[in-house]
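Remarks on the structure that follows.
Chain A is the first sequence line, chain B the second, and so forth, proteins listed ahead of strands; every chain is numbered from 1.
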Amino acid sequence: MSAKLVQGNEAVVYGAFNAGLKFFAGYPITPSTEIAEMCSRDLPKVGGAFIQMEDEISSIAACIGASLAGFRSMSATSGPGFSLMQENIGYAIMAEVPIVIVDVQRMGPSTGIATAPSQSDYMQVRWGTHGDHPMVSFAPFSVEECFTEAIRAFYWSEKISSVVVLLLDEVVAHMREGIDIDNVENILEVPDRGPFSEEKEGFRPYKVDRDKGAKLPPLGTGYRFNVTGLVHDEMGFPVEDPEKTGDLIRRLHNKIDAVEDEMASYDERYTEDADVIVISYGSVARSSLRAVRELRKNNVKVGFFRPITVWPFPSKRVRELSKKVKNIVVAEMSMGQMVHEVERSVGDSCQITLLQGIKGELITPDAIHNTVSEVISK
Amino acid sequence: MTKELRFAGTGGQGLILAAIIYAEAALYDGHRVLQSQSYGPESRGGASKADCIVSDTEIDYPKVYLADFLLAMSQKAFDKYKADVKKGSVVLFDSTYVEIPEKDENIIYFSAPISKTVRDKIGKELASNIAALGTISVIYPLVGEEILLKAILHRVPKATTELNKSAFNVGKKLGKEILESQGSIEFVF
């Protein structure tokens with residue numbers, strides 16, 4: 001096989017298939033529709049099932065059910081549908097059910113502009129569902145990364161037994177690039193669930209180490225346990241015991257903290273001698289890369305940093321970088337959301353300037369170029 | 001080498017498909033490509049555009065910044081995008097729908113009645129996008145005609161193979177006529 005022209009949304013599906021996707025339930029919404037469309041056509045061909053549900057609430061519910069039955073499950077949506085999914089995202093986190101949700105960001109609030117790109121779901125990904133909970137999210141910036149990050153999303157959702165959000169935006173989702181699907185290197189192998197103890201009687205799926213995810217045997221294989229969104233014991237039955245409650249909430253966080261470094265992923269260039277660094281993710285990072293390259297031609301010492309794992313935010317690396325530079329420019333298609341994570345990471349180490357993109361258009365290289373120039377001249 | 005191409009016209013003229021085919025052909029030719037389009041109500045009636053970036057290095061910004069080549073298949077599209085081109089760029093416009101603009105020493109204008117010719121010779125204007133690709137293969141040979149035709153036949157429905165081949169040839173002929181009347185240029189890609 002040689003390279004073929006593939007759209008970002010299509011590459012997500014190719015990646016999901018590579019990771020062993022067997023179930024998709026969703027409700028089509030621009031700009032994510034191609035994902036549902038392709039799954040409806042091609043998932044049955046690889047022995048999987050596609051259901052178009054009545055809404056996004058039932059879509060994620062069906063995915064949780066299918067995952068509990070042992071099938072790798074995914075849904076895809078955009079902001080309005082992602083809002084509807086929040087309650088059950090919390091359920092999946094609490095019950096520790098591995099699922100992958102693709103959120104292709106478009107202009108909001110509410111139905112906003114269906115076809116316009118945005119990055120204003122960044123904080124919703126992290127805090128959209130209530131209660132103390134951790135969150136994991138990956139954001140590709142190219143078609144090839146749509147493929148590889150989809151696989152990584154499944155990998156980590158199984159590893160931590162929880163929800164992973166694959167975070168795209170309209171530009172990344174709809175662009176086409178060449179990709180040789182069969183020859184992409186360093187593809188992760190998504191682990192199977194288990195092994196589970198042979199003794200089925202009394203098996204406790206939530207009896208795991210303090211920093212590990214639950215081990216849920218597929219329903220119908222003879223293991224009996226309860227699944228609930230309530231605080232539960234090792235069998236999954238509701239409890240209100242303060243110690244058990246504290247242990248559970250802490251473990252849900254510990255299991256992410258334990259793998260945070262391994263899960264961290266970012267793209268860093270030209271930072272060695274940089275006086276100022278541009279931080280951005282997704283499609284905006286492509287504009288940043290152009291701006292940085294142009295500025296470098298004029299001998300401006302500017303660096304480029306792009307979180308790929310956007311949750312947990314790569315704070316450690318950003319903190320290190322902030323100690324070596326005078327300024328950081330954060331460019332994002334929102335009033336400023338990721339910038340809060342940058343501020344939290346940086347403290348007083350350097351100045352931070354935000355470039356907002358709120359017009360429903362991709363931030364241009366010129367805008368970033370100008371912001372960097374202004375910051376330097378101050 | 002990086003070249004930015006924009007295919008602009010009215011929704012329904014098949015310009016997104018033309019850009020996809022062009023990108024695919026450039027990909028077969030060993031280049032890196034990125035294809036994107038305006039997406040939304042404007043693609044259904046107003047001025048619509050599809051972009052294709054062809055490069056031999058990593059492509060960063062995913063939109064056409066300033067085009068090296070512009071195809072304009074409608075007046076609205078020409079008016080909207082004519083300023084977003086580089087000095088020395090090539091603009092091919094379909095004189096069926098676009099008025100011949102005043103001379104601009106920074107831009108090489110090529111004009112051909114693409115839609116009208118396709119309508120007259122084939123009976124359907126539908127394949128004008130494919131004819132335009134034929135014309136482009138002659139006047140702006142970044143991607144060769146054989147590889148472009150291969151990409152066309154890969155994308156269009158089997159039953160329309162002959163129709164599209166004819167349209168491509170009609171376009172090529174228009175391209176040759178342009179070069180005969182307006183003089184050819186040496187491109188180094």
Side-chain angles (χ1 to χ4, degrees), chain A residues 2-10 30-31 33-34 104 106-107 112-117 141-144 169-180 267 269-270 278 280 282-296 304 306 360-369, chain B residues 2 4-7 11 15-46 48-66 83-84 86 143 147-148 150-156:
Chain A
S2 53
K4 61 177 185 173
L5 194 68
V6 174
Q7 194 191 49
N9 276 338
E10 293 171 345
T30 300
T33 303
E34 292 85 358
V104 184
R106 70 186 218 188
M107 191 77 198
I113 303 175
T115 55
F141 93 143
S142 67
V143 170
E144 180 163 318
D169 58 63
E170 187 275 331
V171 176
V172 171
H174 281 149
M175 66 166 86
R176 291 181 178 84
E177 291 183 288
I179 169 175
D180 187 354
D267 176 6
R269 314 183 201 193
Y270 311 106
V278 180
S280 52
S283 61
V284 177
R286 297 186 73 130
S287 300
S288 300
L289 192 55
R290 167 73 65 91
V292 167
R293 284 171 171 162
E294 291 296 320
L295 286 157
R296 279 273 164 185
F304 169 88
R306 172 175 70 95
E361 291 172 330
L362 178 59
I363 295 176
T364 62
D366 283 355
I368 296 165
H369 191 291
Chain B
T2 299
E4 301 180 288
L5 296 89
R6 173 163 285 166
F7 303 77
L15 293 161
I16 292 178
L17 179 61
I20 289 173
I21 288 169
Y22 201 90
E24 215 147 40
L27 189 65
Y28 293 159
D29 212 14
H31 298 292
R32 296 191 192 206
V33 298
L34 191 146
Q35 188 279 322
S36 67
Q37 59 273 315
S38 65
Y39 190 87
E42 65 187 28
S43 64
R44 299 174 187 99
S48 84
K49 69 171 196 290
D51 293 349
C52 177
I53 302 168
V54 179
S55 182
D56 293 327
T57 52
E58 185 189 18
I59 297 168
D60 38 46
Y61 186 53
K63 308 277 179 185
V64 163
Y65 184 73
L66 287 174
D84 300 334
K86 290 193 184 94
V143 176
I147 213 154
L148 205 46
K150 185 185 151 196
I152 290 168
L153 299 183
H154 173 73
R155 276 278 171 178
V156 300

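- Contact of A:S288 with chain B is not made at all, since no heavy-atom distance falls under 4.5 Å.
- Atoms CZ and CG, from B:R155 and A:L5 in turn, are 6.0 Å apart once rounded to the nearest 0.5 Å.
- Counting heavy-atom pairs closer than 4.5 Å to chain A, the top residue among B:C52, B:P62, B:S36, B:A19 is B:P62.
- With a 4.5 angstrom heavy-atom cutoff, A:I363 touches chain B only via backbone atoms.
- The one candidate from A:E294, A:R290, A:R293 that meets the side-chain contact (heavy atoms from CB on, under 4.5 Å) condition with B:Y61 is A:R290.
- Within 6.0 Å of OH in B:Y65 there are 12 or fewer heavy atoms belonging to other residues, nucleotides or ligands.
- Among B:R32, B:E24, B:E58, B:K63, the residue with the largest count of heavy-atom pairs under 4.5 Å with chain A is B:E58.
- Interface remark: B:I20 contributes backbone and side-chain atoms alike to the contact with chain A (heavy atom separation under 4.5 Å).
- The two atoms that bring A:H174 and B:Q37 nearest to each other are O-NE2, 3.3 Å, heavy atoms only.
- In terms of heavy atoms, A:K4 sits closest to B:L27 at C-CD2, 3.4 Å.
- In terms of heavy-atom pairs under 4.5 Å with chain A, the best-connected choice from B:V33, B:I53, B:I59, B:L34 is B:L34.
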